[in-house]
Each structure stands twice: as C-alpha cells, then as structure tokens.
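Structure, as structure tokens:
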Amino acid sequence: MRLPRIVIERCQYLARCTEEPGAITRPFASEAMRCAHERVGEWMSEAGMTVRRDNVGNLRGRYEGTADATLLLGSHLDSVRDAGKYDGPLGVIIAIAAVQILLDSGRRMPFAIEVLAFADEEGLRFGSTYLGSRAVCGSFDALDLDRTDSGGITMREAIRAFGGDPDGIDEDRWRGGSLLGYVEAHIEQGPALEARGLPVGVVTGIAGQDRHMLTFTGEAGHAGTVPMDRRRDALVAAANFVEAVAGYAEGHLGLVATVGHLTVRPGATNVIPGEVTLSLDVRHADDSERLLASKRLLEIAAEIGNHRHIAVEASHVTDNAATPCSPRLTALLVRAIEDLDHPVVELASGAGHDAVAMSALTDVAMLFVRCKGGVSHNPAESVTTEDVAVAIDVVSRFLELLAEQ
Ligand code: GLV
Ligand code: MN
Ligand code: MN
C-alpha cells in the first residue's frame with residue numbers, strides 16, 4: 001500500500017496549491033497552478049521522466065521506451081471553485097505512479113509514455129473548456145486568447161504571465177510521432193460504482209455538452225421609489241429562466257441543464273438589478289437531443305425577456321459532441337480488470353474530460369475510480385487507498401497488455 005498511500009498524500013498536498021485559503025480553487029495559469037507544477041514536476045522527475053511545460057501551460061513528463069510510438073496518460077490539474085482533491089489530480093498522479101513502478105523495476109516499454117497534466121479542463125477562469133488538451137490536439141482556438149477573466153485580464157496576458165508564449169500555442173500540438181492512444185484515470189463523479197460495490201469501472205463514452213453565457217439587461221433603479229409595475233428587473237427575469245431550465249431538464253429523460261454562475265449588477269441591496277449575466281450548461285448522451293434542448297432553452301430565455309421587457313443576449317461558449325471511447329483500448333482495460341479478478345462494469349460519463357478533446361488526436365479510453373457518495377465538484381470528494389491501489393494495478397496491467405500487442 002506504499003504507492004497508493006503516496007498517491008493520496010500527493011492529492012492532499014496539491015490541495016495546498018490554491019488561491020483561496022481554506023478551499024481548493026486552482027484556476028488556469030494562476031499562482032496556485034504554478035505551485036502545483038513545482039510539485040508535480042518533481043514527482044515526474046523522480047519517476048524518471050524528462051519534464052517540460054508547454055506554451056498553454058500543460059506540464060508534460062516523458063518516460064522513453066525502446067521503440068518510437070508513444071502512449072499518452074494524464075488528466076488535469078486545474079479545479080473548479082471550492083473543489084475536491086481528486087477531480088483531475090488523481091489521474092495525473094496515478095499515471096506518474098504507473099511510470100514510477102516501471103522505473104523502480106528498471107523497465108522500459110516498447111513505447112514511450114508521456115504523462116500530460118493539463119492546464120485547463122474546468123474552464124473556471126475563462127469559461128472555456130479543455131484549453132490544455134486542445135492545444136495538444138492542435139484545436140486550440142486563438143480567438144479564446146481575447147477572453148477576459150473576472151478581473152479583466154485577457155487569456156493572452158495570463159498565459160504570458162505564467163511563462164508561456166500565447167502566439168506559440170501551435171507549437172504545443174503533438175509532434176512526437178505515432179500515438180497508441182490517450183488513457184485517463186478519473187474519479188467516477190457519480191454513484192454507480194459505489195452502488196455496485198466495485199473499485200473501478202471502464203468508460204464507454206462521454207456525454208456531449210454545450211455552454212452558453214446569457215445577459216439579461218433591464219434597468220437599474222431605486223429599490224424604494226420605483227413602483228413594481230414600472231420595473232425592468234433583470235434578476236427577476238433571470239430567476240424565471242433558472243426555474244424554467246430546471247423544469248425543462250426535469251421533464252426530459254437523460255437531459256441535465258445547469259445555471260451555475262450568475263453576476264448581478266450593480267449588486268446592491270437598494271438597487272433594482274439592471275443586468276444579470278449567467279452561465280448555462282446543457283448535457284445529454286445524444287447530441288441531437290442536447291442541441292434541440294439548448295435551442296429551446298435559448299428560445300425560452302427570449303420569451304421570458306419579451307414578457308418582462310428585458311433584453312436577452314446569448315453567446316455560445318463551447319460545444320462538445322458526445323465522445324465514444326476506443327473499443328480497442330477499452331477492451332485492454334477490461335482485460336486488465338479481469339486479470340486482477342475484479343468484476344467489470346462499463347459506465348457512461350456525464351462529466352466532461354480531457355479525453356473529449358484528445359479524441360480528435362488519437363484513440364481514448366478512461367478508467368473510473370469509485371468516489372464516496374458519488375460526490376465531486378465539492379470539497380467532500382473522497383477516494384480510498386484500496387481503490388487507488390486497484391486503479392494503479394489496472395493501469396500497470398494495461399501497460400503490460402499494450403506492450404504484448
Ligand atoms: C468537468 O468537470 C465538467 O464535466 O464540467
Ligand atoms: Mn471537474
Ligand atoms: Mn475532471
């Protein structure tokens with residue numbers, strides 16, 4: 001249990017790399033991320049990897065093999081606001097542990113292993129998703145560089161301040177020759193494994209998602225003097241919309257839709273809200289169902305706006321199609337789990353992962369690790385040392401099976 005315990009301790013250590021004392025908040029290109037890079041870079045070096053940081057801010061560790069092809073392993077180091085310890089870091093640190101096992105036994109595989117610790121999966125700082133993995137795939141959108149964070153800093157400035165060259169992101173794209181695939185271990189973020197009493201599961205595919213920003217513009221005014229029938233309260237319209245989103249998703253099987261962030265301006269007790277900006281996140285395993293739902297929800301926003309004399313503007317932030325995992329790599333993960341005498345369960349992922357972006361570059365597969373109560377995006381995220389031990393063994397066995405092919 002030495003290595004699994006180290007993995008847990010490392011996840012706990014990274015919790016100290018945060019921009020909010022007492023909580024875990026580690027955005028893209030932040031000082032908190034720099035702190036995480038220092039430690040993760042050391043752990044990669046200790047595991048025999050050469051380490052470099054690319055322009056967008058991914059940390060990359062490479063363990064050479066005896067032949068040219070490369071297998072990519074990894075996950076992300078950024079977090080949501082007030083996050084748990086394991087969403088993202090666990091996959092990176094399990095990957096490093098699997099390489100450490102090879103180093104300790106003096107082994108090289110017939111392929112190189114590159115561990116990718118991605119810079120931005122959650123999109124906390126700029127509302128974007130998969131900035132790091134998109135850069136590796138060559139699908140980074142340069143228009144994103146003009147996005148601003150809540151403090152008015154552009155992504156371009158943030159990347160430069162972190163030490164990268166925003167105009168050199170194209171150099172981050174994979175140029176290392178033939179790829180065998182990308183494999184990501186991640187906490188399940190749902191309750192299925194716990195309900196079945198299983199430590200790990202294999203992922204069949206990842207649900208599609210789109211994200212939007214909506215601005216409701218009314219008129220600010222005096223909370224004590226403007227009569228109720230003369231108001232154009234942007235927050236009342238936004239609240240109607242939040243309720244409509246939940247009601248719509250509750251009525252459509254397989255659909256989940258969330259308003260997770262609101263900004264109310266001017267934001268004072270005695271001022272009628274003049275403007276509300278809110279986020280909308282829509283997901284479904286079936287892309288056509290999802291796109292239909294997003295279209296209808298935006299229409300509903302416009303209808304609410306008309307009814308309340310509030311202008312509504314919507315902008316599309318991201319759109320990711322549902323991503324199937326590779327049958328070839330998934331079959332190897334299944335065999336690895338069977339070889340270790342664990343029952344195999346296949347699961348779909350409702351959460352997004354870097355594997356979505358990576359699927360544009362190479363075959364992808366994912367291993368889920370049971371997490372307590374299925375809780376994630378919450379400080380209560382928890383995994384057991386025993387389950388982490390199984391996950392490390394499965395990844396190690398997977399490497400053996402891949403080497404035999
Ligand atoms: C990432 O965690 C997402 O699914 O939003
Ligand atoms: Mn997450
Ligand atoms: Mn994640």
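In this structure, Glu313 places its CD atom where only 12 or fewer heavy-atom neighbours from other residues, nucleotides or ligands lie under 6.0 Å away. Within a 6.0 Å sphere centred on CG of Asp68, heavy atoms belonging to other residues, nucleotides or ligands number 12 at most. Counting non-hydrogen atoms of other residues, nucleotides and ligands closer than 6.0 Å to CD of Glu243 gives a total of 12 or fewer.
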- Task: Apply side chain to side chain donor-acceptor pair (under 3.5 Å) to the pair Asp87 and His186, showing each step before the final yes or no.
- Result: CA-CA 7 Å; Asp87 174 358; His186 202 284; 2.8 Å; yes

- Steps toward salt bridge (charged side-chain N to carboxylate O under 4.0 Å, His left out) verdict (Arg156, Asp167): CA-CA 8 Å; Arg156 186 185 300 280; Asp167 299 316; 3.3 Å; yes

- Start with the C-alpha gap between Glu157 and Arg160, add the side-chain angles, then the distance that decides, and say whether salt bridge (charged side-chain N to carboxylate O under 4.0 Å, His left out) holds. CA-CA 5 Å; Glu157 290 163 340; Arg160 205 169 275 132; over 6 Å; no

- Chi angles and distances behind the salt bridge (charged side-chain N to carboxylate O under 4.0 Å, His left out) call for Glu31, Arg34: CA-CA 5 Å; Glu31 285 310 306; Arg34 199 185 300 283; 3.2 Å; yes

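With sequence neighbours left out, Pro199 forms a side-chain contact (heavy atoms from CB on, under 4.5 Å) with His342, Arg370, Asp387, Val390. With sequence neighbours excluded, no residue forms a side chain to side chain donor-acceptor pair (under 3.5 Å) with Glu250. Annotation: side-chain contact (heavy atoms from CB on, under 4.5 Å) contacts of Asn55 (sequence neighbours excluded): Asp165, Ile169, Glu171, Asp172.
Ring geometry, Phe216 versus Phe241: the interplanar angle falls from 30° to 60°, so the pair is classed tilted.
Between the side chain of Gln189 and the main chain of Ala351, no donor-acceptor pair closer than 3.5 Å is present.
Among pairs with a residue in residues 29-111, those fulfilling disulfide bond (SG atoms under 2.5 Å apart) read Cys17-Cys35, at least two apart in sequence or across chains. Identified under the disulfide bond (SG atoms under 2.5 Å apart) test for residues 108-143, with sequence neighbours left out: none. Residue pairs satisfying the disulfide bond (SG atoms under 2.5 Å apart) criterion with at least one member in residues 370-405, sequence neighbours excluded, are absent.
By the 4.0 Å N-to-carboxylate-O rule, Arg125 lies too far from Asp120 to be salt-bridged with it. With salt bridges taken as basic N to acidic carboxylate O contacts below 4.0 Å, none links Glu188 and Arg196. A salt bridge links Glu299 to Arg296: one of the charged nitrogens lies within less than 4.0 Å of a carboxylate oxygen.
Exactly one of Arg290, His284, Arg283 qualifies for a side chain to side chain contact (heavy atoms under 4.5 Å, CB included) with Val256. That residue is Arg283. A salt bridge (charged side-chain N to carboxylate O under 4.0 Å, His left out) with Asp54 is found for one member of Arg62, Arg134, Arg175, Arg60 and no other, namely Arg60.
Judged by distance alone, the side chains of Thr25 and Glu19 never bring a donor and an acceptor atom under 3.5 Å apart. No side-chain N or O of His316 forms a donor-acceptor pair with one of Asp210 less than 3.5 Å apart.
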